[in-house]
Amino acid sequence: MSKTELSKSYEPKDIEEKWARIWTESGVNTPELDSKKPSFSMVIPPPNITGALHIGHALNVTLQDVLARYKRMKGFNVLWLPGIDHAGIATQNVIEKQIAEEGLDRHKVGRDEFVKRVWRWKEESGGIIINQFKRLGASCDWTRLRFTMDEGLSRAVREVFVRLYSEGLIYRGDYIINWCPRCHTALSDLEVQTEEKEGSLWYIEYPLVNPMPKIKSLTVATTRPETMLGDAAVAVNPADGRYKGVIGKTLRLPLTDRQIPVIADDSVSLEFGTGAVKITPAHDFNDFEMGSRHNLPAIKIMDVNARMNEETGEFAGMDRFAARKKIVAELEAAGFLNKIEKHKLMLGSCYRCSTVVEPTLSKQWFVKTAPLAAPAIKAVEDGVIRFVPKGWENTYFDWMRNIRDWCISRQIWWGHRIPAWHCADCGGITVSTKDPPKCEKCACANIERDPDVLDTWFSSALWPFSTLGWPDETEELKIFYPTSALSTSFDIIFFWVARMIMMGLKFMDAPPFKDVYIHALVRDAQGQKMSKSKGNVIDPLLMFEQYGTDAFRFTLAILAAQGRDIKLSDERIAGNRNFCNKIWNLTRFILMNVEGMSGGSVDESGLNTADKWILTRRSICVLEVSEAVESYGFDEAARSLYRFVWHELCDWYVELVKLDLRGDNGPERKTAAQGVIVAVFKDTLKLLHPFMPFITDELYTYLPGLQKTVTLMATEFPKADEMYFYETTEMEKNVIQPVYRNVLRSKHDKEAADMELVMDVIRSVRNIRTEMNVALGAAVELVCIAPDAAVRDTLKRNEGYIKLLAKAASLIVREPGGSPLPKSAAFGRASEGGRGVEVYVPLEGCIDLDVETSRLSKELDKARLESDSVEKRLSSEAFSAKAPPDVVEKERERLIGLREKIAKLTASIERLKGMKG
RNA sequence: AGGCGCGUAGCUCAGGGGUAGAGCGCUACCUUGACACGGUAGAGGUCGGCGGUUCGAAACCGCCCGUGCCUACCA
């Protein structure tokens, strides 16, 4: 490979499609069933078949992909199973719209034909999102793509339904449910979105049939006057003095000829409204409960479209909101309306179509959740399942401990049809995994299948085991269940996570996963939730185009701090596009400098301080990335990589060894530096690969002397080399107090610290050069004074590097004292603490005395401030008595260093004054 | 009404009992043979407020203020 093959800047478009295809086709994503490796498995949260890739998917898939690639490289047999869910209501809505364009509705089309049309649509345009996941780089095992309506999964659904029914955990009955008058189906509590709305409180007078001396009527307050036509009672609190004696009396319901009782119930608030509340059991959740307690009749007053029904007489056929207006008007005309107040209320609407839901009494199927919830709560309490971040466990517990039965029937056609048959003769219900020929109660053949289908989440709840072949006892289940981790968004903890846990424990006797990682919510740059209606959505696909998929993925990862929302902006992604470009050009640089190189191994004997430093930094980065990914600290891992690649490898090591690589310092240095840079860079690409799979796989192919592999995913993740790194023992932590904490755990901490010292000297000279306006091309003379012989030795050994990066023509290293310095020398100091080096840059003729004086004075002020505070601390007896000895010692050294610095600065300022006059 | 989270540089955010950090932006200088999607050097912060614990608090605890979200049957 020659350097000319790499363009001057990174063009993501050129390579991404190719790699997405290679990963999918190479088979590396498909695990082995006879592997000796430990397994790691995840199921993808199945996106809706109607869906398109949005930023939330992008984040979640990216993080899972990081885990999957990382685990593969760590030697795990990884299964990451992808899939789609059939999204009952949403999909049905799509097809209904299509049909409506043809001037038809689903009833005209008929059930069978309708379902056929859904399948046809699914084959043609459903599941676009899967290709978008591939475009994102998702390394799922695409050979195992599952769909909730697949035959296998449908079998699992039926099996579960039958078993739950036979155990009495599924029942059918008349209960109040949330009804969507547009979708024509029941919704579970979770599928209703509540929002605060501005409404009114109408005060309506209900006259007593037999007026009492003091009380002629009761006034009720209601937000829904139209439901009065279905009222079954008026309730007051038995403790309410205002209504003593009225309890048990009868009221005349205005606008009707019905009579309703006044009942007493503790749940009625004394403060709200008038203290008297109308009870409509068929159209309100509370009223339904109360109706059951008091055996009140439940009168339905609306049809499936939420239009008033025949029960309502003259209002029949009117929409509920139109009826409200008319009823209010008539009440007013008849003198029953006392007053209207403005009132804020929580209004529920359908999560799919935003139509205001109508609580309605209806015959539905329910799952009895309490018995399933108990073990599911315990699993999390016992730590069998772990939420990350842990805080979400409380959310889970709150919900689970107050869980209500789950309405699972939906009056739509697209979904898993309930496997229950009703007998026309005896009314019995037959529930079976196989279509029954006759009623199991009366043995007649006059049976008809229940028309309802199941809530989509019912099938999603089985996802972790139904996708692995359950109810068959498959190898996949043995190897990959329970799955290792589930990554998802907090807003489906109830919808999905909790239900998977209940079902997994029930049918597999084991939790569906060990870790639940709850990722952040992505918002726009202003912190607003992204939504189509706000128009503030960031389209991931557009970002791929603009900045490259890797840059986008890396941005999501580095922002994915636990427990905080992500505010995503273009600038941030652009910054990481630049990072990709940096990596690209680093590769170009390396390729230009390793031509003709053989091998690519690191020869221990030829390593110098710079080499050992970067090898040490490499090992620390390996450890940081590994630790972070293992604990879902994607942001920490990404930050560590960014720092290492840009600020350590590029900013320092590459600059240090430029002359070495050019051969200016002899063939040994050239070979050594080549070996090190290639070895380090090779590992860098591997470390980056889970985050930036495209660019890393592409660049890896250009490196010399490497074993060819299809993808880095199939290579081994770098290890923190024992040669350069070890864990610090407790004893060492207490004894060794290196100046630089970041090399604390290095075996070469002496040499790594040496490098940091050299870097400090270079920074110090650069600072002097800039502050004193020394032209960039002008080489300076440099004098370093250090009391410590070892420090002097370090500086001498690295003379070449100092001269190179500080742009110095000469370097004199010497002890304090001796011949006087040139009067015009600018002063700097490298490395505070015990190893302090005085740096002098003689600037004959070009030093501006005033500028230098003010520069030094500023530094002097800072040093004095600091030394004062340290001195104060040290002089406190409590401090030296109670603070740990190493802290005290450190502070002492710091003070010595600061005092020296002050002395040198003062001397330098004096010297300048002397020169001036 | 309850619960959870957040408040650190102009902006977006890490960190976390012992010297205040990054990215972007800003200022100055630099097209030097990887990279201007770049380099070097800077400026910029009493870590929301008040108390408490501590030798020491930005960090731990309590209260308050601001802010965001989730849950809830006051009709």
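All of these numbers come straight from a predicted model, not from anything done at the bench. Every chain is numbered from 1 and lettered A, B, ... according to where its sequence line falls, protein lines coming before strand lines.
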Under 4.0 Å between any heavy atoms, over every strand shown, what does A/Val268 touch: base, sugar-phosphate, or nothing? Just pick one.
base
Look at the side chain of A/Arg572 and the base of B/rC24, then say whether one donor and one acceptor between them are separated by less than 3.5 Å.
no
Tell me, for nucleotides 38-44 of chain B in 5' to 3' order, what letter each nucleotide earns: B for a base near a protein heavy atom under 4.0 Å, S for only sugar-phosphate near one, - for neither?
SSSSS--
Side chain of A/Met592 (C-beta onward), nearest among B/rA34, B/rC74, B/rC73:
B/rA34
Does OP1 or OP2 of B/rG23 have a side-chain N or O of A/His647 closer than 4.0 Å?
yes
Output the rounded distance in Å from CD1 (A/Ile896) to C1' (B/rU19).
16 Å
Mind checking whether A/Phe490 and A/Trp392 have parallel, tilted or perpendicular rings, split at 30° and 60°?
parallel
Check every strand shown and say whether A/His283 touches a base, only sugar-phosphate, or nothing at a heavy-atom separation below 4.0 Å.
nothing
Mapping A/Leu270 and A/Thr194 to their closest nucleotides on RNA chain B, which lands nearer the 5' end?
A/Thr194
Is the A/Phe495 ring parallel, tilted or perpendicular to the A/Tyr351 ring (thresholds 30°, 60°)?
parallel
Could you pick out which residue, A/Cys580 or A/Asp398, lies toward the 5' side of RNA chain B when each is mapped onto its nearest nucleotide?
A/Asp398
Should A/Asp635 and A/Arg639 count as an ion pair when the cut-off is N to O under 4.0 Å?
yes
A/Met543 versus A/Ile573, closest heavy-atom pair with distance
SD-CD1, 3.5 Å
Could you tell me how far B/rU46 sits from B/rC50 if I compare only their C1' atoms? Round to whole Å.
15 Å
Measure from the side chain of A/Phe589, starting at C-beta and using heavy atoms only, and say which of B/rC74, B/rA14, B/rA34 lies closest.
B/rA34
Residues two or more places apart in sequence or in another chain: which of them pass salt bridge (charged side-chain N to carboxylate O under 4.0 Å, His left out) with A/Lys390?
A/Glu393
Indicate, with a heavy-atom threshold strictly under 4.0 Å, whether A/Val220 touches base, sugar-phosphate, or nothing.
nothing
Result for side-chain hydrogen bond (donor to acceptor under 3.5 Å, both in side chains) between A/Asn576 and one of A/Thr555, A/Asp550, A/Asn581 points to A/Thr555
Sugar-phosphate only, base, or nothing, as touched by A/Gly275 at under 4.0 Å among non-hydrogen atoms
base
Going 5' to 3' through nucleotides 4-9 of chain B and flagging B where a protein heavy-atom sits under 4.0 Å of the base, S where only the sugar-phosphate is that close, and - otherwise, we get -SSS--
Look at the rings of A/Phe579 and A/Trp646 and say which category their plane angle falls in: under 30° parallel, 30 to 60° tilted, over 60° perpendicular.
parallel
For a quick test of reading the model: is some side-chain N or O of A/Lys658 closer than 4.0 Å to OP1 or OP2 of B/rA34?
yes
Can you check the A/Leu641 CG to B/rA22 P distance for me, whole Å?
18 Å
A/His343 atom NE2 is separated from B/rC73 atom C1', nearest whole Å, by 12 Å
Reckon A/Ser9 touches a base, only the sugar-phosphate, or nothing at all at heavy-atom distances under 4.0 Å?
base
Mind running side chain to side chain contact (heavy atoms under 4.5 Å, CB included) on A/Val268 and A/Met290 for me, showing each step along the way?
CA-CA 10 Å; A/Val268 180; A/Met290 206 182 292; 4.2 Å; yes
Nearest non-hydrogen partners of A/Leu586 and A/Cys650, listed with the distance:
CD2-SG, 3.9 Å
If you restrict it to nitrogen or oxygen atoms, what contacts under 3.5 Å exist between nucleotides 53-56 of chain B and the protein, and what is each distance?
from: B/rC55; atom 1: OP1; to: A/Lys882; atom 2: NZ; distance (Å): 2.6

Given A/His343, which partner from the list A/Phe272, A/Tyr203, A/Trp202 fulfils the ring-ring contact (aromatic ring centres under 6.0 Å, His included) test?
A/Phe272
Distance check needed: B/rA75 P versus A/Glu271 CD, whole Å only.
13 Å
In whole Å, what is the span from the OH atom of A/Tyr653 to the P atom of B/rC35?
20 Å
Atom pair distance, as rounded to whole Å: CG in A/Leu559 and P in B/rA14
9 Å
Send over the distance from A/Asn576 CG to B/rC13 C1', rounded to a whole Å.
13 Å
Does anything in residues 268-285 of chain A pair up under side chain to side chain donor-acceptor pair (under 3.5 Å), and if so which pairs, sequence neighbours excluded?
A/Thr227-A/Lys278, A/Asp231-A/Lys278, A/Asp231-A/Thr280, A/Lys278-A/Thr280, A/His283-A/Glu358
Within this structure, what is the CD-to-P distance between A/Glu571 and B/rA22, rounded to whole angstrom?
20 Å
Map every base of RNA chain B to its dot-bracket character, where paired means a Watson-Crick or G-U wobble contact with both distances under 3.5 Å and | marks a partner outside the strand.
(((((((..((((....[..)))).(((((.......))))).....(((((..]....))))))))))))....
